[in-house]
Amino acid sequence: MRIDVVTIFPAYLDPLREALLGRAVERGLLEIAVHDLRRWTHDVHQAVDDAPYGGGPGMVMRPQVWGEALDEVLPAGPQPARLVVPTPAGRPFTQTTARAWADEQRLVFACGRYEGIDERVLLDARARGIEVDEVSIGDYVLVGGEVAVLVMVEAVARLLPGVLGNPRSAAEDSFSDGLLEGPSYTRPETWRELAVPDVLRGGNHAAIARWRRDRALERTRDRRPDLLDALPPDALDAADRAV
Ligand SMILES: N#Cc1c(-c2ccc3ccn(Cc4ccccn4)c3c2)n[nH]c1N
């Protein structure tokens, strides 16, 4: 997979070169290129924004600059690519989204700032046959798209083959079965007079699986009842429903 990110703050994306993702890039499991949007300005001030038509607070990012940038980074043509535009007005980005995007050959992220990007940039991309997803990482307002891109790139990249040391981690993490993960423990057996639950030290794998499922159901019911409501009818068996 190749990932391109266009932004006026390229350094915001430096964390993509660190740790797990940095190692994945070094190992050739994915490519990441970050582009400074100001490269496509032609004025001495390198202006990327202007006042909104119709008035209102803040500024809007100019279509000319974005148009030239995306013409170069995401040229029209038969390449399967997806343009992702983070926005507070977007569809929710979820684990399901991450899984779908993990199958893409190319993802191009457009990081807006100010009050966002002129709508015609997205219309033009769609008119050029490019899949455009406007997505939000949560119901709160950030200052720009860069942090959202860090979140989404990590969520997608960890699903790529070979990126995680243990592929079971991605298959069994939160949301993989529609539930939140339950509590985890490691050594020592007792810490500040708090003991690890006996069942986890007992070696009975069926009992451990049951205990973990029960804790996941309890936690999901307590913190995210909406996820329980969204489960398919046959997702919970009688033992689950008794929790
Ligand atoms: N994903 C996501 C986001 C964002 C986000 C993403 C991109 C931009 C580009 C500019 N702004 C500031 C801004 C403030 C007010 C109205 C419009 N835009 C962004 C915010 N906020 N919250 C999320 N979950």
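Each ligand, and each atom within it, is numbered from 1 in the order the structure gives.
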CA sep, side-chain torsions, deciding dist, call: H42, Q64, side chain to side chain donor-acceptor pair (under 3.5 Å):
CA-CA 10 Å; H42 305 294; Q64 307 95 318; over 6 Å; no

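- Remark: the T7 side chain and the E146 side chain contain an N/O donor-acceptor pair separated by less than 3.5 Å.
- Considering backbone and side-chain atoms together, R113 places no N or O closer than 3.5 Å to any N or O of ligand 1.
- Considering backbone and side-chain atoms together, G138 places an N or O closer than 3.5 Å to an N or O of ligand 1.
- Look at G90 and you'll find every heavy atom at least 4.0 Å from all atoms of ligand 1.
- Judged by a 6.0 Å distance limit and a 45° cone about the ring axis, R2 is not positioned over the six-membered ring of F109.
- Every atom of ligand 1 with a heavy atom of V135 under 4.0 Å away is listed here by number and element: 1 (N).
- When only non-hydrogen protein atoms are considered, atom 23 (C) of ligand 1 lies nearest to Y140 O, 3.4 Å.
- Contact atoms of ligand 1 toward A148: 1 (N), 2 (C) (distance under 4.0 Å to a heavy atom of the residue).
- Two different hydrophobic clusters hold V65 and V60 under the rule that ILVMFWY side chains link at heavy-atom gaps under 4.5 Å.
- Heavy-atom contacts of V141 reach the following atoms of ligand 1: 14 (C), 15 (C), 21 (N), 22 (N) (cutoff under 4.0 Å).
- For Y114, the heavy-atom gap to ligand 1 drops under 4.0 angstrom.
- Note that CZ of R219 is 13.5 Å distant from CG of D214, once rounded to the nearest 0.5 Å.
- Here V143 has backbone heavy atoms under 4.0 Å from ligand 1, and that is the only part of it that gets that close.
- More than 12 heavy atoms of other residues, nucleotides or ligands lie within 6.0 Å of CZ in R62, so this atom counts as buried by the packing criterion.
- In terms of polar-atom proximity, defined here as any N/O pair under 3.5 Å, L142 does make such a contact with ligand 1.
- Near P86, the atoms of ligand 1 lying under 4.0 angstrom from a non-hydrogen atom of the residue are 1 (N), 6 (C), 7 (C).
- Neither the backbone nor the side chain of I117 has a heavy atom within less than 4.0 Å of ligand 1.
- Less than 6.0 angstrom separates the ring centroid of W101 from the ring centroid of F93.
- Side-chain atoms of D240 come within 3.5 Å of backbone atoms of D237 as a donor-acceptor pair (strictly under, hydrogens ignored).
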